[in-house]
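Accompanying notes for the structure given below.
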Amino acid sequence: MPLIEVEDVTHVYGEQAGRRVVLSEVSVRLTEQRIGVIGANGSGKSTFVRLLNGLVLPTHGSVRIDRLDTRTDGREVRRRVGFCFSDPDAQIVMPTVAEDVAFGLRRRGLTKQAISSRVATTLTKYGLESHADHPAHLLSGGQKQLLALCSVLVTEPSVLVLDEPTTLLDLRNAARVADVLDELDHQVILVTHHLEELDDFDRVLVFDDARLVHDGAPVEAVEHYRKLTT
Amino acid sequence: MVHRAPAPVKLAAMLLAGVGSILLTNVWEVGAAFALVLGGFVLAGIPLLTALRQVRPLLWVVAFVGAFHVIATGWERAVVVVGVITTLVLLANLVTLTTRTTDLVEAVVGACRPLRLFGVRPDRVGLLLALGIRSVPVVVGLAEEVRDAQRARGLTASPRAFAVPLIVRSLRRVDALGEALVARGVDD
């Protein structure tokens, strides 16, 4: 599994009067395959995962993926770390399903045939092949999230970061997305409020008030989080 | 045949038709151009009803322009102007209905390549075009959500109460889209 090193990271939004510390003195090394991230809204968990592919650069400290620094090697880091957001509509950028999956491949110097082949294989693998030429906006919420996942997975990242991917989905679609995640060989870092999704995870990080307050096995981590909220 | 025609050829034909439309001066010429475009729909296997539905959003514009010309320049000129607008919009729809977005974008990117000399980035122009096409249903969806929220709260139709949340939500969506583009390596 890739090695993720977060070293003494503090992140601050705004300046002077509007200054807000959203992450404070976080240090962690992640090598496990399934890592969960939980915490209340505004606790810093989304900022934490955004640090991992360079979407957010730390105000202080450093983040490295397989020794590549997000500050200096952003491009390489983003090739290794795929990111999936909670609202699929915000990350589908092309009008049709196949075109959106192909979007991330067009900058990889692949031939048109190679791109088509990888797109077709990925869509088939995740059950979207019959929608290839359909407008993306006509898909259901669950299909859109699957499309967003396909668009990331087709670029073959080694780490997949997901920021609340099931928040906007009904139970059936959330279960479908969870099944897809279960089958992946990638290192998966999942931010979620659905705590049962973390049952078989290797490690869970708990954030509270901009700090990493617990780091351990799912059962203890969830218990710790519940105590924070009561 | 229309579907298989290369996107650059279709775009060039559309451009030529747009420029050439200034040469159409009487009702018969406009009628012939209109019939030619409708023929394109038949050739492409698209039902004429679908074709005509494409110009429905134009109704108010052509009604206004037509009425203005009837008063200012006479009925014949009004028919020519309205006919030219309708024909060109139909032609544009024929091109978009028979061409994949990727092919359209690639054609535009190709056409913009010479502009690199002036600092234009063709790939960015293509991305802008694709995002524009993608954004239409997204903004329509946001507008429907805002209208539903207004109805649910029993608010009457107020342009301000509709426009403000729509603009705010659209800007938020743009922000999220920007983040997603960075995450997908657009800036790399």
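We name chains A, B, ... by the order of the sequence lines, and we start the count at 1 in each one.
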Which one wins on heavy-atom pair count under 4.5 Å against chain B: A:D100, A:T96, A:V152, A:T155?
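Of the candidates given, the most pairs with chain B belong to A:D100.
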
Most chain B-contacting option - heavy-atom pairs closer than 4.5 Å, from A:S151, A:P157, A:A98, A:G54:
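Among A:S151, A:P157, A:A98, A:G54, the one with the most close pairs to chain B is A:S151.
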
Is [X] atom [atom1] crowded by more than 12 heavy atoms from other residues, nucleotides or ligands, each under 6.0 Å away?
X      : atom1 : result
B:L171 : CG    : yes
B:L23  : CG    : yes
A:H193 : NE2   : yes

Roughly how far apart are A:F103 CZ and B:L127 CG, rounded to 0.5 Å?
5.0 Å

Could you give the distance from CG (B:L131) to CE (A:M94), rounded to the nearest 0.5 Å?
8.0 Å

Which atoms of A:N53 approach chain B - backbone, side chain, both or neither, heavy atom under 4.5 Å:
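Contact with chain B is through the side chain of A:N53 alone.
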
Side chain from CB out, backbone as N, CA, C, O: work out which of these in A:L138 comes under 4.5 Å of a heavy atom of chain B, or both, or neither.
neither

Keeping the roles fixed (side chain from B:R184, backbone from A:Q91), state whether a donor-acceptor pair exists under 3.5 Å.
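Such a contact is found between B:R184 side chain and A:Q91 backbone.
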
One thing to verify: whether A:D87 and B:R173 come together as a salt bridge, which I'm taking to mean a side-chain N less than 4.0 angstrom from a carboxylate O.
yes

Considering only NZ, NE, NH1 and NH2 on the basic side and carboxylate oxygens on the acidic side, decide whether B:E106 and A:K112 come within less than 4.0 Å.
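Yes, this pair counts.
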
Among the options B:R134, B:E179, B:R100, pick out the one with the most heavy-atom pairs lying under 4.5 Å from chain A.
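The candidate making the most pairs under 4.5 Å is B:R134.
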
Please report the shortest heavy-atom distance between B:A180 and A:A90, naming the atom on each side.
CB-O, 3.5 Å

Considering only heavy atoms, which portion of B:R172 lies under 4.5 Å from any heavy atom of chain A: side chain, backbone, both, or neither?
neither

